[in-house]
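Here is the structure we will look at.
These figures come from a predicted structure and were not determined experimentally.
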Amino acid sequence: VALSCVFVILGCILAALYMLLPLAQVSELCHSVDTLRPEPSLFQCALWMAELEMHDKVTMEYLKFVQVVKSCPIGARLPILGLVKMADITSYAKLVATTMPALITYTITKVHN
């Protein structure tokens, strides 16, 4: 019974992480600076606008805009987790994957004793 509870809990954690993937992808589409992605993020598009000819006043407004976008990343935010990023989901999945064998082993030894 204890081992099945462990599997159910781990399954729920992995399902929750899997359900957060679309939100992390939205965040990546908004604020990623990865140039290897097939589609550019909104932030990259804003940076590419620097190549356009602008008057001095427009250039100053553009620099203010870029500074705000850099300091306040946009994307999917959740109340407890904050900004949902792919890197965070990956680290949580790694944490679950590394602790899962130890937890299962501990549960099995407690059940047999």
Practice task
Using a cut-off of 6.0 Å, state whether more than 12 heavy atoms not belonging to M60 lie near its atom CE.
Solution key: no
Handout entry: Least distance between heavy atoms, P101 atom then T105 atom
Key = O-OG1, 2.7 Å
Fill in the blank from the handout: The reported gap from CG in L83 to CD1 in I74 (rounded to nearest 0.5 angstrom) is 9.5 Å
Practice task
Please say whether more than 12 non-hydrogen atoms of neighbouring residues, nucleotides or ligands are located less than 6.0 Å from CD in E39.
Solution key: yes
Practice task
Enter the distance from L20:CG to L78:CG here, rounded to the nearest 0.5 Å.
Solution key: 6.5 Å
Fill in the blank from the handout: Rounded to the nearest 0.5 angstrom, the SG-NZ distance for C30 and K85 is 13.5 Å
Fill in the blank from the handout: When rounded to the nearest 0.5 Å, the distance separating CE of M19 from CD1 of I89 is 11.5 Å
Exercise for the section: Say whether, by atom type as modelled, one donor and one acceptor occur between the side chain of S27 and the main chain of A76 under 3.5 angstrom. Expected result: yes
Practice task
Would you check if the side chain of Y62 reaches a backbone N or O of A46 as a donor-acceptor pair within less than 3.5 Å?
Solution key: yes
Fill in the blank from the handout: Between the CG atom in L14 and the OH atom in Y92, the distance rounded to the nearest 0.5 Å is 14.5 Å
Practice task
Check the hydrophobic clustering (I, L, V, M, F, W, Y; side-chain heavy atoms under 4.5 Å; chains of links allowed) and say if L10 and I108 are grouped together.
Solution key: yes
Practice task
Tell me whether M49 is reachable from F65 by hopping between hydrophobic residues (I, L, V, M, F, W, Y) whose side-chain heavy atoms are closer than 4.5 Å.
Solution key: yes
Handout entry: Cluster check I9, I104: I/L/V/M/F/W/Y, side chain < 4.5 angstrom
Key = yes
Problem - L17 side, atom CG; I13 side, atom CD1 - distance, nearest 0.5 Å - result: 8.0 Å
Exercise for the section: Following the transitive rule for hydrophobic clusters with a side-chain heavy-atom cut-off under 4.5 Å over Ile, Leu, Val, Met, Phe, Trp and Tyr, establish whether M100 and F7 coincide in one cluster. Expected result: yes
Exercise for the section: Find out whether M86 and L21 are in side-chain contact, i.e. whether some heavy atom of one side chain is under 4.5 Å from a heavy atom of the other. Expected result: yes
Exercise for the section: Determine whether L42 and L52 fall in the same hydrophobic cluster, where Ile, Leu, Val, Met, Phe, Trp and Tyr are linked whenever their side-chain heavy atoms lie under 4.5 Å apart. Expected result: no
